[in-house]
S.K.: 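After the structure tokens below, expect a handful of questions from me.
The chains referred to below are lettered A, B, ... by the order of the sequence lines, with proteins before strands, and numbering in each begins at 1.
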Number of protein chains: 2
Amino acid sequence: MRHSRQREAILAAVRGTTCHPTADAVYAEVRTKIPGISLGTVYRNLRVLVEAGELLAIEGAGGLSRYDGCTESHYHFRCDVCGRVIDVDEPVDDGLDGRVSARTGLAIRCHSLEFRGVCSGCQAQRLDGTANEHPRA
Amino acid sequence: MRHSRQREAILAAVRGTTCHPTADAVYAEVRTKIPGISLGTVYRNLRVLVEAGELLAIEGAGGLSRYDGCTESHYHFRCDVCGRVIDVDEPVDDGLDGRVSARTGLAIRCHSLEFRGVCSGCQAQRLDGTANEHPRA
DNA sequence: TTAGGTGCAAAACCTTTGCCATCCC
DNA sequence: GGGATGGCAAAGGTTTTGCACCTAA
């Protein structure tokens, strides 16, 4: 894979945060460094980087993908209110794929586990009646 | 929730199959019963039925959702080649949400576990060189 | 009677793609 | 030089929505 200013900035933007940004959020972040970059380039590179194993894609609700700079297996929590995705510090069950493969005959490559609920920020806003600051963000 | 011919046909179409159909597949199926139904009505009712807890939505890659008539907690396998979603007969870990909730402070409501790999049909087609009959279906 | 549902078509939304210029190796 | 990459804009596919007309309760 060839290098380019744009590609490096996109990779750095995703790796430099723990917030699992959407393509649009990556676009906004990278534009602070390279104002002339185009959204198409961001999508093209996110795709290339995911296919190269440099990033992980997290498919989300409403056809919105998020990207994760940590490519090691780990679990996620998604807030039903604001849509944010947070890493969960739960040990990954490495033997699960093999056990289920053996029993079902499916060729299992990996698994993803996602918890759903309400994050602490949104819980607080519900209690004090504050409007949600980051709807679907 | 009010009844209508259309809504009942949509619910029956999803409940009457184990193949986790997309909105478009539901549309095709329901049109055999109600030829004049519109795609907008299918989407509207799928959304209403999911919100009412009558169906489960499975968010997928490329912004394509699938629907599941079984609302009890269970796990899925998604084929990376044809995109099909299959139920996995693995016991659900009922205590997981509570344990992780207690440790992380997140208000966890549920979790979803998805296995990825190649289904038996696509494995066979790879071996014998047959073209895939159901790409991304 | 009337709140809720339908059909239709247009719009919104996220993402991909074609084309040509530019850049990296 | 030549293939990979970028910018731009148009197209693509899925889902939502506005509006006028119906329909179930």
S.K.: Starting at atom CG of A/L64, determine the distance to atom P of C/dT16, rounded to an integer number of angstrom.
M.R.: 12 Å
S.K.: Can you tell me how far C1' of C/dC13 sits from CD of B/E59, to the nearest Å?
M.R.: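 Result: 15 Å.
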S.K.: Check this one for me: any side-chain N or O of A/T41 less than 4.0 Å away from OP1 or OP2 of D/dG7?
M.R.: yes
S.K.: The side chain of A/R7 lies closest to which of these nucleotides: C/dT15, D/dT15, D/dT5?
M.R.: D/dT5
S.K.: So, does B/Q6 get its side chain near the phosphate of D/dT23, meaning an N or O under 4.0 Å from OP1 or OP2?
M.R.: no
S.K.: Does C/dT15 have OP1 or OP2 sitting under 4.0 Å from an N or O in the side chain of A/S65?
M.R.: yes
S.K.: May I have the distance from A/R31 (atom CZ) to D/dG7 (atom C1'), rounded to whole angstrom?
M.R.: 13 Å
S.K.: Do the side-chain N or O atoms of A/Y43 get closer than 4.0 angstrom to the phosphate oxygens (OP1, OP2) of C/dT15?
M.R.: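 So the side-chain polar atoms of A/Y43 do come within 4.0 Å of the phosphate oxygens OP1 or OP2 of C/dT15, strictly under.
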S.K.: Would you mind listing every ring pair (Phe, Tyr, Trp, His ring centres under 6.0 Å) that reaches into residues 93-125 of chain A, with sequence neighbours excluded?
M.R.: A/Y75-A/H111, A/H111-B/F115, A/F115-B/H111
S.K.: With distance as the sole criterion, is a donor-acceptor pair present between the side chains of A/E59 and A/S65 under 3.5 Å?
M.R.: yes
S.K.: Look only at the side chain of B/R66 and the backbone of B/H20, and say whether a donor-acceptor pair between them is shorter than 3.5 Å.
M.R.: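 Yes.
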S.K.: To the nearest Å, how far apart are A/I58 CD1 and C/dC14 P?
M.R.: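 Going from CD1 in A/I58 over to P in C/dC14 covers 17 Å.
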S.K.: Counting only N and O atoms by type, is there a donor-acceptor contact under 3.5 Å from the side chain of A/S101 to the main-chain atoms of A/I108?
M.R.: yes
S.K.: List the steps and the verdict of side chain to side chain contact (heavy atoms under 4.5 Å, CB included) for B/D68 and B/T18.
M.R.: CA-CA 8 Å; B/D68 191 335; B/T18 56; over 6 Å; no
S.K.: For B/G40 and A/A23, find the nucleotide of DNA chain C closest to each by heavy atoms; which residue's nucleotide sits nearer the 5' end?
M.R.: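 Looking at the nearest nucleotide for each, B/G40 comes out on the 5' side.
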S.K.: Tell me every residue that passes salt bridge (Lys or Arg N to Asp or Glu O under 4.0 Å) with B/E51, counting only those two or more places apart in sequence or in another chain.
M.R.: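 Residues passing salt bridge (Lys or Arg N to Asp or Glu O under 4.0 Å) with B/E51: B/R47.
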S.K.: Does A/N45 reach a base, just sugar-phosphate, or nothing at all? Heavy atoms under 4.0 Å.
M.R.: sugar-phosphate
S.K.: Using atom types as modelled, flag every donor-acceptor pair under 3.5 Å from a side chain in residues 29-37 of chain A to any protein atom, sequence neighbours excluded.
M.R.:
from, atom 1, to, atom 2, distance (Å)
A/E29, OE2, A/K33, NZ, 3.3
A/T32, OG1, A/E29, O, 2.6

S.K.: So what does the secondary structure string of DNA chain C come out as, 5' to 3', with Watson-Crick or wobble pairs under 3.5 angstrom, [ ] for crossing and | for pairs with another strand?
M.R.: |||||||||||||||||||||||||
S.K.: Whole-Å distance between C/dC13 C1' and A/L39 CG?
M.R.: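 Whole-Å distance recorded here is 12 Å.
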S.K.: Taking protein heavy atoms under 4.0 Å as touching, what does nucleotides 18-25 of chain C look like 5' to 3' if B marks base contact, S marks sugar-phosphate-only contact and - marks none?
M.R.: B----BBS
S.K.: Does a salt bridge link B/D97 with B/R109, judged by any charged N lying under 4.0 Å from a carboxylate O?
M.R.: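 No salt bridge links B/D97 with B/R109.
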S.K.: Tell me: CZ of A/R47 to C1' of D/dT5, nearest whole Å?
M.R.: 16 Å
S.K.: Could you tell me the separation between the CD1 atom of B/I34 and the C1' atom of C/dG7, rounded to a whole number of Å?
M.R.: 13 Å
S.K.: Taking atom types as modelled, find out whether B/H74 and B/D89 have a side-chain donor-acceptor pair closer than 3.5 angstrom.
M.R.: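 Looking only at side-chain atoms, B/D89 and B/H74 do not form any donor-acceptor pair under 3.5 Å.
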S.K.: Could you state the CG-P distance from B/L46 to C/dG5, rounded to the nearest angstrom?
M.R.: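 Spelled out: CG on B/L46 to P on C/dG5 is 14 Å.
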S.K.: Does B/R99 have any side-chain contact (heavy atoms from CB on, under 4.5 Å) partners at least two apart in sequence or in another chain, and if so, which?
M.R.: B/D93, B/L96
